[in-house]
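Below is one structure, written out as structure tokens; comments come after it.
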Amino acid sequence: MDNLDAFNLRDHAKRLIVECIRLGTADELKDLGLAEWAHMPGFRGHFSTRSRNYATTLGALRAAREDHARDHEITTGRPRSSTRTPSS
């Protein structure tokens, strides 16, 4: 993170990252691991957090992967190794 100008970041995000790195070097705050997580400000949550109104669900992604794998196995003649349950 030596050269934040090389990244397409807004000024606010740059300031947050710089401050996390600065605070992460303070002896009394080292246990928080702020410097290791400096790239995360503004992310707004866990990678799997998503709005069900505007995005797909992880279950739908899983089903699509299984459907694709099943279709690919069928077209290549390989036996089907697993079955998808309706609750997935």
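When reading the values below, keep in mind they use all heavy atoms of this one structure, side chains included, and skip hydrogens, waters and symmetry mates. In this text, all values refer to a predicted model and were calculated from it rather than measured experimentally.
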Fill in: Listed partners of K30 passing salt bridge (charged side-chain N to carboxylate O under 4.0 Å, His left out), at least two apart
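Once residues adjacent in sequence are excluded, K30 has no partner under the salt bridge (charged side-chain N to carboxylate O under 4.0 Å, His left out) criterion.
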Practice prompt. Taking salt bridge (charged side-chain N to carboxylate O under 4.0 Å, His left out) as the test, write out the residues that go with E36, two or more places apart.
Written response: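 None.
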Worksheet item: Are the side chains of L4 and I17 in touch, meaning some heavy atoms are under 4.5 Å apart?
Response: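 Side chain of L4 against side chain of I17, heavy atoms only: contact under 4.5 Å found.
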Worksheet item: How far does CG of D31 sit from CG of L29, to the nearest 0.5 angstrom?
Response: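 D31 atom CG to L29 atom CG measures 9.0 Å (nearest 0.5 Å).
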Worksheet entry | With R22 via side chain to side chain contact (heavy atoms under 4.5 Å, CB included) - residues at least two apart |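 Once residues adjacent in sequence are excluded, the partners of R22 under the side chain to side chain contact (heavy atoms under 4.5 Å, CB included) criterion are E19.
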Practice prompt. Report whether F7 and I21 are members of the same hydrophobic cluster (ILVMFWY, side-chain heavy atoms less than 4.5 Å apart, transitive linking).
Written response: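 Yes: a chain of side-chain contacts under 4.5 Å links F7 to I21.
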Discussion item. Using the rule that Ile, Leu, Val, Met, Phe, Trp and Tyr join whenever any side-chain heavy atoms are under 4.5 Å apart, tell me whether L23 and W37 fall into a single cluster.
Written reply: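 Hydrophobic grouping puts L23 apart from W37.
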